[in-house]
Amino acid sequence: MRVRTAVFPVAGLGTRFLPATKAMPKEMLTVVDRPVIQYAVDEAKEAGIEHFVFVTGRNKGLIEDHFDRQYELEKTLELRGKLGPLAQLQKEVPSAGHASFTRQQEPLGLGHAVWCARDMVGDRPFALLLPDMLFMGKPGVMRQMVETFEVTGGNVIAVEEVAPDQVGSYGVVARGAGPDNAFRVEGMVEKPKPDEAPSNLIISGRYILQPEIFPLLAEQRLGAGGEIQLTDSMQALMTQQPFVGVKYVGKSFDCGSKAGFLAANVAYALEREDIRNQFLDLLADRGIEASFTSIPQAAE
Ligand code: UTP
């Protein structure tokens, strides 16, 4: 079955970015000149996703506005002959009926946010993208996952390697047989002690899940951190259905942390031909020597 729908949980409070996120959603923070949520939506589009479901909360109205037409602005751009930016704006708005918004009234955790999308997703597999993780890769990470899903079915999760002493901050998988782009996941554990971790492969914010996750989420109690955790329900689903890991080709940026967000800005600015040289000069003025490395590319 094709993956047509993607869920974007955007109802978190973004406390690590206060005061920036007091009135503005953290998903609207910009990396260069695009909000982080736009990168996740672009990645989903590239993977063939047609329906975008946003789980929003209070103070998140800007996200809805961002994915809507802005007639005054469009008219002004047209009158001023700025046809390039106009076409770009229009291209990025999902077509009518293909963006849906639902509310998570209280930020009870990622698992709860995903559960809030159950009626909009229905009875089909769906993609889940945590928008504060940005991925540079060619093709995009979700596309790499969809390619695997079309062969394996089941549930697919993107993983990446971290230094063994860092595993304690993440969900970690136990790797079974199979190649890097489609191996069997034999177990997962949330925030293990480094000496108890089954590997150094962490779950990194991109998933393709079967709808059977929803009844399991409905039963979940509060887990680690007083939140309803997605990993707990995935562990339960794993007893019924296969999970496949994709060690994606690419580079990730955790834009939920300040350092990761700043690193993303540097990396994405260096990718941009229109500002790269000027930006390199500014960095050099501060004695920083940055090198431009092109986007990691997956083998055909
Ligand atoms: P995070 O835990 O990184 O987001 O969740 P947060 O809670 O907003 O951030 P901090 O720790 O307070 O700074 C990852 C994604 O899941 C969403 C967030 O909006 C973010 O995009 N999320 C998280 C929800 O939609 N609902 C929740 O209850 C929790």
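Order of appearance sets the numbers: ligands from 1, and atoms from 1 within every ligand.
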Can an N or O of [X] be found at a distance shorter than 3.5 Å from an N or O of ligand 1?
X     : value
Phe17 : no
Lys26 : yes
Gly14 : yes

Please classify the [X] to ligand 1 contact at 4.0 Å (heavy-atom distances, strictly less than): side chain, backbone, both or neither.
X      : result
Ala113 : side chain
Thr15  : both
Glu227 : neither

Ring centroid separation Tyr248 to Phe135 under 6.0 Å: yes
Side-chain heavy atoms of Val36 within contact of Asp132, under 4.5 Å: no
Close approach of Pro9 to ligand 1, heavy atoms, under 4.0 angstrom: yes
Proximity flag His112 to ligand 1, non-hydrogen atoms under 4.0 Å: no
State whether the side chain of [X] and the backbone N or O of [Y] hold a donor-acceptor pair below 3.5 Å, judged by distance alone.
X      : Y      : value
Gln104 : Gly109 : yes
Asn59  : Met24  : no
Arg58  : Gln105 : yes
Thr148 : Asn181 : yes

Atoms of ligand 1 less than 4.0 Å from [X] heavy atoms?
X      : value
Pro107 : 28 (O)
Leu108 : 28 (O)
Pro131 : 21 (O)

From CA spacing to verdict: side-chain contact (heavy atoms from CB on, under 4.5 Å), Gln235, Met188: CA-CA 7 Å; Gln235 278 166 334; Met188 54 179 80; 3.6 Å; yes
To check your reading of the model: name the closest protein heavy atom to [atom], its residue, and the distance in Å.
atom                    : result
atom 28 (O) of ligand 1 : Gly109 N, 2.7 Å
atom 22 (N) of ligand 1 : Gly12 N, 3.6 Å
atom 25 (O) of ligand 1 : Ala11 N, 2.8 Å

Closest to atom 5 (O) of ligand 1 (judged by heavy-atom distance), picking from Asp132, Leu110, Leu130: Asp132
Option whose closest heavy atom lies nearest to atom 13 (O) of ligand 1, chosen from Lys60, Lys258, Gln104, Arg16: Arg16
Spacing of OG belonging to Ser199 relative to CZ belonging to Arg175, to within rounding of 0.5 Å: 9.0 Å
Between CD1 on residue Ile63 and CZ on residue Phe8, distance to nearest 0.5 Å: 11.0 Å
Parallel, tilted or perpendicular, as decided by the 30° and 60° cut-offs, for the rings of Phe101 and Phe54: parallel
